[in-house]
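Atoms within a ligand are numbered from 1 in the order they appear, just like the ligands themselves. Here the structure is a predicted model, which is why all the values come from computation and not from measurement.
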Amino acid sequence: MIFDCAIIGAGPAGLNAALVLGRARRSVALFDNGTNRNRVTLESHGYLTRDGIKPAEFKRIGFQELERYPSVQLVAGTINQVMKQQRHDRFHIVTSGDKEYIAERIILATGVQEEHPSVPEIENYYGISLHSCPYCDGWERRDQALIVIAEKEKSVLHLTKLVFNWSKDLLVATNGKTLSAFAIAELRKRDIEVVMEPIKKLHGKEGYLQKVEFASGLIRDREGGFISPKFYRSNPFLEQLGCELKDNEAVEMDALGRTSQKNIYVAGEYGQLSPSALILSAADGFNAAVAVNTDITEERF
Ligand SMILES: Cc1cc2nc3c(=O)[nH]c(=O)nc-3n(C[C@H](O)[C@H](O)[C@H](O)COP(=O)(O)OP(=O)(O)OC[C@H]3O[C@@H](n4cnc5c(N)ncnc54)[C@H](O)[C@@H]3O)c2cc1C
């Protein structure tokens with residue numbers, strides 16, 4: 001079978017694209033391997049009608065809604081390779097289990113992954129009491145004793161200013177990096193303690209932070225906090241398929257996610273290479289599906 005569209009990634013972007021294309025009676029293969037970066041969080045916030053939902057439940061409802069549309073096929077598995085078949089102008093998609101699928105168009109919606117500041121066992125706290133997005137988790141941490149862990153001065157100032165809206169009781173930790181005198185003064189003016197030593201250990205129970213221990217032995221009580229990760233794409237599809245990037249590594253695309261390559265579309269964080277939100281990624285998926293359906297309609301009418 002030749003699918004009208006293959007969608008790689010069933011986060012909010014891919015799920016919403018599949019929903020819109022299924023409703024437009026297009027045949028869709030939707031691939032997912034369960035590596036969405038928000039899977040570690042206890043609850044997701046800020047998506048109207050779904051505020052507080054668990055990521056797994058969000059996905060379950062997404063898949064359940066797609067069951068109404070028989071032209072959408074869900075495939076669990078990792079896509080390792082996408083190739084363009086030049087002769088037929090189609091895409092050849094191979095799963096990790098060596099199953100092969102053919103599609104006329106493709107939406108890349110595989111999201112991004114994160115690299116965290118190098119602090120021992122930080123992963124045990126991430127998503128429970130340490131977070132990266134104040135819009136997502138600031139409300140739950142309001143007025144608590146918080147730590148901001150960021151290593152670059154620009155990120156330190158940006159994240160601290162934001163988090164200051166939710167709590168004034170802040171400690172900034174650069175994990176061994178040095179800040180300028182200007183940055184230190186800006187923070188101290190607001191009674192924010194700045195510690196530029198490496199973090200030796202996080203102390204807490206079941207992901208709930210209690211204390212932070214620094215290299216010199218300094219210990220501070222903290223209930224939670226925010227960290228500044230680096231974001232990267234773990235999938236090489238853009239290079240494999242020759243899609244152009246901008247200087248900031250976002251994909252060169254139009255407002256609906258059409259890339260520089262014919263019949264290749266992007267949606268969600270994979271396109272931007274920057275953190276977004278569930279509702280914004282879902283909207284990107286809607287847009288990409290509209291682009292796919294419009295292009296099919298123009299071609300076949
Ligand atoms: C800890 C944490 C908490 C967050 N909390 C919130 C919140 O409260 N509210 C909010 O709005 N946003 C939140 N976010 C951000 C939100 O998760 C993202 O903005 C959103 O999930 C991005 O959607 P996406 O569809 O682009 O990518 P993702 O949700 O990352 O989905 C990408 C999908 O692609 C699949 N995939 C990747 N590679 C492959 C492959 N090779 N083969 C097959 N499948 C593949 C993955 O399994 C994944 O399901 C949070 C993020 C994190 C990390």
Taking distance alone, with N or O pairs closer than 3.5 Å, would you say [X] contacts ligand 1?
| X | result |
| --- | --- |
| Ala277 | yes |
| Thr35 | yes |
| His45 | yes |
| Lys59 | yes |
| Tyr270 | no |
| Asp137 | no |
| Gly127 | no |
| Thr78 | no |
| Ala267 | no |
| Phe237 | no |

For [X], state whether at least one heavy atom is located under 4.0 Å from any atom of ligand 1.
| X | value |
| --- | --- |
| Gly46 | no |
| Tyr126 | yes |
| Ser276 | yes |
| His131 | no |

Counting N and O atoms only, with roles assigned by atom type, does the side chain of [X] sit under 3.5 Å from a partner on the main chain of [Y], one being a donor and the other an acceptor?
| X | Y | answer |
| --- | --- | --- |
| Ser27 | Asp4 | yes |
| Arg233 | Tyr270 | yes |
| Gln261 | Cys243 | no |
| Ser129 | Leu209 | yes |

Could you tell me whether the side chains of Tyr126 and Ser132 share a donor-acceptor contact shorter than 3.5 Å? yes
| Looking only at side chains, do Thr35 and Asn33 share a donor and an acceptor under 3.5 Å apart? | yes
### Message
For Phe58 and Tyr47, take the angle between the two ring planes, folded into 0 to 90°, and tell me which bin it lands in: parallel under 30, tilted 30 to 60, perpendicular over 60.
### Response
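If you compare the ring of Phe58 with that of Tyr47, the planes turn out perpendicular.
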message = So which atom in Ser118 and which in Asn175 form the shortest heavy-atom distance, rounded to 0.1 Å?
response =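 Closest pair (atom of Ser118, atom of Asn175, distance): O-ND2, 3.0 Å.
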*asked:* Does Phe286, at its CZ atom, have more than 12 non-hydrogen atoms belonging to other residues, nucleotides or ligands within less than 6.0 Å?
replied: no
One finds that the ligand 1 atoms under 4.0 Å from a non-hydrogen atom of Gly268 are 26 (O)
